[in-house]
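Read the structure below first, then the notes.
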Amino acid sequence: MDNTEIEAFVTSLQDFFDKLDDKSVNIGTPFLIDDINSYLLDYTGVISITGNHKGTVFFTASKLMTSRMLQTMGVVSTVEEKQMDLVGEVCNTVSGNVRREFGENFLISTPIVMQGHADTMKVSNIKDIYLIPVVWNSLKSNLIINIKESKS
Amino acid sequence: MLKIMVVDDSSVIREKISRVLQDQQFELVGDAKNGIEAVKQFKEQRPKALTLDITMPLMDGIETIQEIMAIDDEARILVVSALADKPTLIKAIQLGASGFLCKPFSDADLSEALEELLEDLIDG
């Protein structure tokens, strides 16, 4: 991934939280990580990317953060099912929005959602894994991007 | 009241949209999480309008637009999707969608899009 592509994800994350409420969100500087498992929080939404890129995008957040986000959105129930749905939807929205940069052949799957720390999770053999830290209302979450351009 | 239904695979988004609709002059008659459910409910309830996601399991929003238009080509469809590229927007409109709202959206964004989409029906 080049800087322009990473910046597209940063912008998309910023847009998501800007629409959520008028409180400031801090989107941190992206950095490379070696092992995804150390950065997974309570709930993780996962989107598979195919087409002109291949790989995976993850959005992972704590229970407290997903509860607060649901309350802010006016969702009455903050049961676990809703919290899991939310991380999938954030991942879907952020990945869908970057098609402005990546084009219509940046194909995104419907989200799947994981709960807890998947200490056996294996990612693809795509070398670079970028993490973009997000702090909203003093609560932390991470967007993790493991994609590369597809030659096929 | 104007009959409307909400189609999105995210229950959180369905609830958010439903809340905005019910705060306004709409009767929510359907709530579907994929295109197959949406077409079934559309046939039963015959709403005047629907909000429709694109990326959904089993039947996506693009195919759903075609199915809905084959049943009622006067139905008003507001596509509410994260797919922010122009070709997707153009394809949806060409197939019969009447409007497009990009996720993420605020309550005010949704209200404005619905008002624009349904102004003549609401006034009538």
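Computation of the quantities below employed the complete heavy-atom set of this structure, encompassing side-chain atoms and omitting hydrogens, waters and symmetry-equivalent molecules. Chain letters run A, B, ... following the sequence lines, proteins first, then strands; residues in each count from 1. Worth saying up front: this structure is predicted, and the values here are computed from it rather than measured.
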Q: List the steps and the verdict of side-chain hydrogen bond (donor to acceptor under 3.5 Å, both in side chains) for Q24(B) and S111(B).
A: CA-CA 8 Å; Q24(B) 301 185 18; S111(B) 296; 2.5 Å; yes
**Q.** Proximal component of L20(A), with respect to chain B [non-hydrogen, under 4.5 Å]
**A.** neither
(Q) What I want to find out is whether K103(B) reaches D8(B) closely enough, with some N-O distance under 4.0 Å, to be called a salt bridge. (A) yes
Q.
Applying a strict under-4.5 Å side-chain criterion to I, L, V, M, F, W and Y, I'd like to know whether L21(B) and L121(B) cluster together.
A. yes
**Q.** Pairs of heavy atoms under 4.5 Å with chain B: top-ranked of V76(A), D15(A), D21(A)
**A.** V76(A)
Q. Which bit of S95(A) comes within less than 4.5 Å of chain B, counting heavy atoms only: side chain, backbone, both or neither?
A. neither
**Q.** Segment of D109(B) engaging chain A (4.5 angstrom heavy-atom cut-off)
**A.** side chain
Q) In terms of hydrophobic clusters joined by side-chain contacts under 4.5 Å, are V79(A) and M69(A) together? A) no
(Q) Check for me, please, whether V20(B) and V29(B) land in the same ILVMFWY cluster - side-chain distances under 4.5 Å, paths through other members count. (A) no
Q) What part of E104(A) is in contact with chain B, defined as an atom under 4.5 angstrom from a non-hydrogen atom: side chain, backbone, both or neither? A) both
Q. Between E15(B), K16(B), R19(B), which has the largest tally of heavy atom pairs under 4.5 Å with chain A?
A. E15(B)
Q: Salt-bridge test for R14(B) and D85(A): reply yes if a basic N is under 4.0 Å from a carboxylate O, no otherwise.
A: no
Q) By a 4.5 Å heavy-atom criterion (distance strictly below it), what part of S12(A) contacts chain B: side chain, backbone, both, or neither? A) neither
